[in-house]
Amino acid sequence: MKIILIGSIVEIIEHLDTYSEMLLNNLGIWGVVLSCLLITVESIIPVLPLCVFVTFNFFTFGNILGFFVSWAFTVLGCMLSFLLFRTKIKGWFEKKLINKKTGKEIKKLMNFIDKISLSGLATLVAIPFTPAFAVNIAAGLSNLSKKKFLTGILIGKTFMVYFWGYIGTTLLESLTHPIYLAKILIMVSLAYIISKIVNKHFDLD
């Protein structure tokens with residue numbers, strides 16, 4: 001039963017990817033605009049296929065400009081999501097925890113996020129399959145500084161966008177091809193090293 005369910009989910013994702021790519025190609029220049037918009041929205045709505053939009057931008061703008069366009073819009077989306085939860089929902093969220101039985105457990109999680117290192121955040125964001133919306137929400141509801149969050153996003157998203165743009169693969173393909181997993185490990189390691197260097201100079205932890 002589980003195998004059938006997983007197969008169905010994979011099939012739905014593949015159809016969504018194919019449909020999205022066809023739609024963007026048929027829209028011409030408006031496909032580029034829509035792609036950038038959807039990259040931003042993807043940080044809030046996780047069901048959208050980010051890999052399709054990033055790959056589309058690489059094909060449309062070329063490797064260099066396509067990378068910077070995709071990177072800029074995904075960083076923008078993450079910051080908008082972070083600020084939304086930080087300014088509009090954080091206060092309500094904290095008040096609701098006061099008398100809840102699960103409040104202690106959630107507070108422990110929030111404390112963990114508050115204390116996450118820059119290298120830990122950048123590494124987490126750099127992993128291509130990390131749900132960006134979950135990271136944005138958790139960071140927005142915590143006391144993590146805006147400066148540290150933005151720095152971690154700027155570093156981590158660099159490698160995430162590179163992965164989707166140059167490899168343009170899906171989760172299923174990555175799990176069946178060791179070379180893709182090796183590239184992910186290399187990129188995540190680079191994100192960790194760079195974040196360590198940045199933190200050494202700016203002391204964001």
Side-chain angles (χ1 to χ4, degrees), residues 37-51 53-54 67-68 70-164 171 174 181 183-205:
L37 176 62
L38 291 176
I39 285 177
T40 304
V41 175
E42 189 276 338
S43 298
I44 303 174
I45 305 176
V47 296
L48 298 176
L50 178 63
C51 58
F53 308 139
V54 172
F67 167 81
F68 281 107
S70 300
W71 175 76
F73 277 94
T74 191
V75 168
L76 174 62
C78 288
M79 282 307 300
L80 289 175
S81 178
F82 171 83
L83 292 174
L84 172 65
F85 281 89
R86 175 60 57 89
T87 59
K88 302 298 182 181
I89 302 177
K90 186 175 185 293
W92 172 86
F93 177 76
E94 291 177 340
K95 289 180 181 179
K96 289 294 182 180
L97 285 180
I98 295 176
N99 297 318
K100 295 291 184 180
K101 293 181 180 180
T102 57
K104 291 184 179 179
E105 287 72 17
I106 297 178
K107 286 180 179 178
K108 287 181 180 179
L109 175 61
M110 290 296 102
N111 288 333
F112 171 78
I113 297 172
D114 291 343
K115 298 176 182 178
I116 190 171
S117 64
L118 175 63
S119 56
L121 176 61
T123 301
L124 179 65
V125 173
I127 299 174
F129 312 117
T130 297
F133 78 100
V135 175
N136 301 335
I137 292 174
L141 295 177
S142 71
N143 294 315
L144 187 72
S145 72
K146 296 178 185 178
K147 189 174 182 180
K148 181 190 284 191
F149 178 76
L150 177 58
T151 304
I153 291 295
L154 289 173
I155 296 173
K157 289 298 182 181
T158 299
F159 298 95
M160 186 277 293
V161 170
Y162 172 86
F163 175 84
W164 288 126
L171 173 61
S174 297
L181 294 177
K183 289 181 178 180
I184 291 174
L185 290 175
I186 292 173
M187 289 188 297
V188 170
S189 298
L190 286 174
Y192 177 82
I193 293 171
I194 292 175
S195 63
K196 280 290 188 182
I197 295 173
V198 171
N199 189 56
K200 184 177 180 180
H201 286 82
F202 295 98
D203 192 24
L204 296 175
D205 286 339

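As a basis for the values below, the full set of heavy atoms in this structure was taken, side chains included, without hydrogen atoms, waters or symmetry mates. We're numbering straight along the sequence, starting at 1.
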Q: For the OH atom on Y192, are there more than 12 heavy atoms of other groups (residues, nucleotides or ligands in this structure) within a distance under 6.0 Å?
A: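 Check fails, neighbour count at 12 or below.
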Q: Between L83 and K146, does a side-chain contact (heavy atoms from CB on, under 4.5 Å) hold up when you go through it step by step?
A: CA-CA 9 Å; L83 292 174; K146 296 178 185 178; 4.0 Å; yes
Q: Are the side chain of K157 and the backbone of G152 linked by a donor-acceptor contact shorter than 3.5 Å?
A: no
Q: Do the side chain of T130 and the main chain of L124 share a donor and acceptor less than 3.5 angstrom apart?
A: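 Side chain of T130 to backbone of L124: a pair is present.
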Q: Could you give the distance from CG (L150) to SG (C78), rounded to the nearest 0.5 Å?
A: 10.0 Å
Q: Within the structure provided, determine whether K90 and N143 are in side-chain contact (heavy-atom separation under 4.5 Å).
A: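 Answer yes - side chains close enough.
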Q: Is S195 reaching over with its side chain to a backbone N or O of A191, donor-acceptor style, under 3.5 angstrom?
A: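 Flag set: sc S195 to bb A191 pair under 3.5 Å.
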Q: Measuring from atom CG of L144 to atom CG of L118, what distance do you get when rounded to the nearest 0.5 angstrom?
A: 9.5 Å
Q: Any side-chain heavy-atom pair from S81 and F85 closer than 4.5 angstrom?
A: yes
Q: How are the rings of F68 and W71 set relative to one another: parallel (under 30°), tilted (30 to 60°) or perpendicular (over 60°)?
A: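 F68 vs W71 ring planes: perpendicular.
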Q: How many angstroms lie between atom CG of L154 and atom CE of M79, to the nearest 0.5 angstrom?
A: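 If I round to the nearest 0.5 Å, the distance is 8.5 Å.
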Q: Is the shortest heavy-atom distance from the side chain of V188 to the side chain of F159 under 4.5 Å?
A: no
Q: Is a side-chain donor or acceptor of R86 paired with a backbone partner of I137 at a separation under 3.5 angstrom?
A: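 Looks like no, no N/O pair under 3.5 Å.
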Q: Say you draw a straight line from NZ of K148 to CG of D114; how long is it, rounded to the nearest 0.5 Å?
A: 9.0 Å
Q: Counting only N and O atoms by type, is there a donor-acceptor contact under 3.5 Å from the side chain of N136 to the main-chain atoms of F82?
A: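 Side chain of N136 to backbone of F82: no pair is present.
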Q: What's the spacing between I186 CD1 and F163 CZ if we round to 0.5 Å?
A: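 Reported value, rounded in 0.5 Å steps: 12.0 Å.
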Q: Is there a side-chain contact between M160 and T74 (heavy atoms, below 4.5 Å)?
A: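 With C-beta onward as the side chain, the pair touches.
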Q: Return the CD1 to CG distance between I155 and L121, rounded to the nearest 0.5 Å.
A: 9.0 Å
Q: So, for S142 and I113, which heavy atoms are closest and what is the spacing to 0.1 Å?
A: OG-CG2, 3.5 Å
